[in-house]
Amino acid sequence: MLYLVVYLIIINLLTCILYGVDKLKAIAGSGRRTPEKVLLGFTFIGGSIGALVGMQVFRHKTCHLKFQVLVPLFLILHIALIVFVYIKWFM
């Protein structure tokens, strides 16, 4: 369980940072932007909380329907998986 917690902390921090860096690149208009596939990929593999935080703090991708739907959906999926793992391992 400790490994899962450490993984979730790291992936959420990385995801939030990715959203912030992409926003900075969008403002500056320079450098290669992070593809939406990468942002959503990090969100899918456990970074849904980091994505939500990044979207709100950096005001990034908040108007894109794809992100409005998928990020909360992934968060619900992650919560369900955590509950399932907790019940399976500790009950």
Side-chain angles (χ1 to χ4, degrees):
M1 188 66 158
L2 178 62
Y3 292 119
L4 177 61
V5 171
V6 171
Y7 171 78
L8 288 174
I9 289 170
I10 291 170
I11 196 67
N12 279 288
L13 285 172
L14 286 174
T15 303
C16 188
I17 290 168
L18 270 177
Y19 277 73
V21 168
D22 190 49
K23 179 63 175 194
L24 289 174
K25 288 180 181 179
I27 291 170
S30 63
R32 296 190 85 187
R33 298 279 308 277
T34 306
E36 288 185 351
K37 283 191 277 189
V38 173
L39 293 173
L40 288 172
F42 271 80
T43 304
F44 178 73
I45 63 170
S48 56
I49 293 172
L52 280 173
V53 170
M55 287 174 68
Q56 296 305 309
V57 169
F58 303 113
R59 302 294 302 153
H60 192 49
K61 302 292 186 185
T62 56
C63 294
H64 293 245
L65 183 61
K66 184 187 320 184
F67 286 83
Q68 289 175 348
V69 172
L70 289 177
V71 172
L73 183 66
F74 292 156
L75 177 60
I76 292 167
L77 174 67
H78 296 149
I79 291 169
L81 284 171
I82 289 168
V83 169
F84 174 77
V85 167
Y86 180 80
I87 290 171
K88 193 75 170 167
W89 286 357
F90 298 106
M91 297 267 172

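Small disclaimer: the values here were computed from a predicted structure and weren't measured. Scope of the values below: all heavy atoms of this structure, side chains included, with no hydrogens, waters or symmetry mates.
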Gap separating the CG atom of Leu39 from the CG atom of Leu70, nearest 0.5 angstrom: 12.0 Å
Intermediate values then yes/no, side-chain contact (heavy atoms from CB on, under 4.5 Å), Leu18 and Leu14: CA-CA 6 Å; Leu18 270 177; Leu14 286 174; 5.7 Å; no
Partner residues of Asp22 under the side-chain hydrogen bond (donor to acceptor under 3.5 Å, both in side chains) criterion, sequence neighbours left out: Arg33, His60
Phe67 reachable from Leu65 in the ILVMFWY side-chain graph, under 4.5 Å edges: no
Leu52 side, atom CG; Asn12 side, atom CG - distance, nearest 0.5 Å: 9.5 Å
Same apolar cluster (I L V M F W Y, side chains within < 4.5 Å links), Tyr7/Tyr3: no
Minimum heavy-atom distance Thr43-His78, with the two atoms named: O-CE1, 3.0 Å
Minimum heavy-atom distance Ala51-Val71, with the two atoms named: CB-CG1, 4.0 Å
NZ/Lys66: more than 12 non-hydrogen atoms of other groups inside 6.0 Å: no
Distance (rounded to the nearest 0.5 Å) between Ser48 OG and Ile79 CD1: 7.0 Å
Hydrophobic cluster membership, Trp89 vs Val83, 4.5 Å side-chain cutoff: yes
CD1 on Ile82 to CD1 on Ile87, rounded to 0.5 Å: 12.0 Å
Approximate separation, where rounding is to 0.5 Å, of Leu73 CG and Leu77 CG: 7.0 Å
Plane angle bin for Phe90 and Tyr86 - parallel if under 30°, tilted between 30 and 60°, otherwise perpendicular: tilted
Contacts of type ring pair (Phe, Tyr, Trp, His ring centres under 6.0 Å), residue Phe74, not counting sequence neighbours: Phe44
Taking every non-hydrogen atom, the tightest pair across Met55 and Tyr19: CG-CE2, 3.6 Å
Ile45 reachable from Leu13 in the ILVMFWY side-chain graph, under 4.5 Å edges: no
Where Val53 and Cys16 come nearest, the two heavy atoms and their spacing: CG1-SG, 3.9 Å
From CG (Leu4) to CG (Leu81), nearest 0.5 Å: 9.5 Å
Same apolar cluster (I L V M F W Y, side chains within < 4.5 Å links), Leu8/Val85: yes
